[in-house]
Amino acid sequence: MTAVLSSLPPWLQRGLADLFPAAVAQEAGLDPDQTLAARLAEAEAAGRPLRVKLGIDPTGSDIHLGHSILFRKLRAFQDAGHTAVLIIGDFTARIGDPTGKSTTRVQLSAAEVEAHAETYLVQLGLGQDPGRALLDFHTPGRLEVRRNSEWLAGLNLPQVIELLGITTVGQMLAKEDFANRYGSGTPISLHEFLYPLLQGYDSVAVQADLELGGTDQKFNVAMGRDLQRHFGQRPQFGMLLPILPGLDGVQKMSKSLGNTVGLAEDPLSMYSKLEKVPDVVVDEYLTLLTDLDLAVLPANPRERQKLMALELTRARHGVAAAAAAQVDAAALVAGAAGAGAAAAEVPETSLVAVNFPAKAFYLLAAVGICASSSEARRQIQGGGVKLDGEKLVDPNQEFASAAELHGKVLQLGKKTFRRLLAG
RNA sequence: GGGUCGGUGCCCGAGUGGUUAAUGGGGGCGGACUGUAAAUCCGCUGGCUCUGCCUACGUUGGUUCAAAUCCAACCCGGCCCA
């Protein structure tokens, strides 16, 4: 594969899982509809940037590192002068992509979807410091943000029937997720069959030259090609990137599995999560999430791991914050109690909403460290809670006022910290 | 529409009238250990400012001193047949 790809630029090749129908001309063809190298050459000759599509469904409110693989590649295209067409799936989010799902997804309201879309754009860099933004929002012509309700909401029944006629039940059932669900007797709602078609229709609507997606998107991206052909357009290329393993190192990074690092997370939690990722995925993170050359990195696994955590934190929060996070993480985990904890930069929480006098277990819950006061009580009894490095043993210990807690660091386990502020 | 089986805590899955937040596993969280992690061992895993009080086994009613467990209707789903 490396040899075949050799005429594509390195920035484009890095971390690819799949590229279809073909990367460069193997034997006969220099057909720009069949090989990406030819399409790139053609575009360059014509002085026309490629339209690179990436669709995201605003179904949750946080973007995590797993998603950022795709955005990084999209950014690379931008930096090479191409046009990123970011599709906010505000319409499709309400159907729910059945990919990778074992059950029908709950449908979201239009308002929820829109709220998510806004936070997505901010996390991608809209209105943020361009130096740390994931996408280039500033250079003219490099980014097009579209919402697919723009063309999907207005489809009428004859048009929908036309779309449905393009494919068959057999083809749909060839899709792994559907096949599994059908095979195991898990319900599949009919509207879920519409999802791949609508995603494909997005490609038609924006006249995509190439669509980015995770490897699990192959079916949907290929569907886009079928639809484009049906509507008389040149079919897009499909560029698939690996699915990032989550912090557990086994399953894919996914919010529902709780193994994510969110782009919006503070430096300390980002760093401390990343520095304990299993060794086997460290190189994968480095390849997919950074531009570093793996060959020149330290061989010691622990060193490598820390460097990866540092680099990813830096990319998001800047050099100073990342370095501070590394120091703080070391101090806090080492349990260098008072000193370390006091010096550390940890997320701050106001105590204004807490009613005093406050018992310890209530405090934990009120401050948001524990999901419930009952859980807080258990955690304290389990010996996992510290205040300024000192273990709390009595869940009923009372604190009389916010003032006596001001500036102290409340800690649950090794990963969760809150600095308490009286105001 | 007919037949049939089934709906239990984050998930899977026991339980089939009676002290009980409800066996077990997974996952998660915490502790010990370690270079972080993994593995292993231990603890916790409904809510509530909690020595007690609430809410829980699809929904709603019913039988009973007592129901996740019995009955009825309804809702949802699988499979077979139309």
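For clarity, every value in this text was computed on a predicted model and none was experimentally measured. All values below were derived from every heavy atom in this structure, side-chain atoms included, with hydrogens, water molecules and symmetry-related copies excluded. Proteins come first, then strands; the chains are lettered A, B, ... in the order of their sequence lines, and each starts at number 1.
With contacts defined as side-chain heavy-atom distances shorter than 4.5 Å, the pair A:F399/A:L387 qualifies.
Distance check on atom P: B:rA22 versus B:rC71 gives 26 Å, rounded to whole Å. Across B:rU8 and B:rU23, the matching C1' atoms stand 13 Å from one another, rounded to whole Å.
Along RNA chain B, the nucleotide nearest A:V277 and the nucleotide nearest A:S372 are compared for position; the residue whose nucleotide lies closer to the 5' end is A:V277.
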Less than 3.5 Å apart, which donor and acceptor atoms pair up between the side chains of residues 151-158 of chain A and the rest of the protein, not counting sequence neighbours?
{"from": "A:W151", "atom 1": "NE1", "to": "A:D202", "atom 2": "OD1", "distance (Å)": "2.7"}
{"from": "A:N156", "atom 1": "OD1", "to": "A:Q159", "atom 2": "N", "distance (Å)": "3.0"}

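Listed by residue number, the members of residues 349-358 of chain A with any heavy atom below 4.0 angstrom from RNA chain B are A:N355, A:P357. The stretch residues 295-306 of chain A touches RNA chain B through A:P301, A:R302, A:Q305, each having a heavy atom under 4.0 angstrom from the strand.
The ring pair (Phe, Tyr, Trp, His ring centres under 6.0 Å) test applied to A:F231 returns A:Y201, not counting sequence neighbours. For A:K73, there are no salt bridge (charged side-chain N to carboxylate O under 4.0 Å, His left out) partners, not counting sequence neighbours. Residues satisfying the salt bridge (charged side-chain N to carboxylate O under 4.0 Å, His left out) criterion with A:R75, sequence neighbours excluded, are A:D79.
A donor atom on one side chain and an acceptor atom on the other are not found under 3.5 Å apart for A:Q217 and A:E211. Side chains of A:Q78 and A:D136: no donor on one and acceptor on the other come within 3.5 Å. Counted by atom type alone, A:E311 and A:T290 present zero donor-acceptor pairs between their side chains at under 3.5 Å.
The pair A:E114-A:R147 meets the salt-bridge criterion, since a charged nitrogen lies less than 4.0 angstrom from a carboxylate oxygen. Checked for salt-bridge contact, A:E192 and A:R181 meet the test: a charged N lies under 4.0 Å from a carboxylate O.
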Canonical and wobble pairing (Watson-Crick, G-U, under 3.5 Å) of RNA chain B, dot-bracket with |:
((((((((.[[[..)..(.....]]]((((((.......))))))(((...)))...[[[[[..)....]]]]]))))))).
side-chain hydrogen bond (donor to acceptor under 3.5 Å, both in side chains), that's the test. Do A:Q305 and A:R302 meet it? Break it down for me.
CA-CA 5 Å; A:Q305 189 178 45; A:R302 181 62 177 147; 3.0 Å; yes
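The local environment of CD in A:E176 is sparse, with at most 12 non-hydrogen atoms from other residues, nucleotides or ligands closer than 6.0 Å.
Under a 3.5 Å cut-off, the side chain of A:R225 and the backbone N or O of A:Q236 do form a donor-acceptor pair. Side chain of A:R51 to backbone of A:D209: no donor-acceptor contact under 3.5 angstrom is found. Between the side chain of A:H406 and the backbone N or O of A:A422, at least one donor-acceptor pair lies under 3.5 Å.
For residues 368-385 of chain A, the set of pairs meeting the side-chain hydrogen bond (donor to acceptor under 3.5 Å, both in side chains) definition, not counting sequence neighbours, comprises A:R377-A:N396. Counting only residues at least two apart or in different chains, side-chain hydrogen bond (donor to acceptor under 3.5 Å, both in side chains) contacts with residues 291-300 of chain A comprise A:R72-A:D291.
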Considering only nitrogen or oxygen atoms on both sides, find all protein atoms under 3.5 Å from nucleotides 77-82 of chain B and state each distance.
none

Polar atoms only, N or O, under 3.5 Å: list the protein pairs with nucleotides 24-31 of chain B and their distances.
{"from": "B:rC29", "atom 1": "O2'", "to": "A:Q379", "atom 2": "NE2", "distance (Å)": "2.2"}
{"from": "B:rG30", "atom 1": "O4'", "to": "A:Q379", "atom 2": "OE1", "distance (Å)": "3.1"}
{"from": "B:rG30", "atom 1": "O2'", "to": "A:G382", "atom 2": "O", "distance (Å)": "3.3"}
{"from": "B:rG30", "atom 1": "O2'", "to": "A:G384", "atom 2": "N", "distance (Å)": "3.3"}

Atom pairs under 3.5 Å: protein N/O with N/O of nucleotides 50-52 of chain B:
{"from": "B:rC50", "atom 1": "O2", "to": "A:R377", "atom 2": "NE", "distance (Å)": "2.9"}
{"from": "B:rC50", "atom 1": "O2", "to": "A:R377", "atom 2": "NH2", "distance (Å)": "3.2"}
{"from": "B:rC50", "atom 1": "N3", "to": "A:R377", "atom 2": "NE", "distance (Å)": "2.9"}
{"from": "B:rC50", "atom 1": "N4", "to": "A:S373", "atom 2": "OG", "distance (Å)": "2.7"}

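Residues A:T349 and A:R418 approach most closely at OG1-CD, 2.9 Å, considering heavy atoms.
Summarising the geometry, the separation between CG on A:L310 and P on B:rU36 is reported as 19 Å, rounded to the nearest angstrom.
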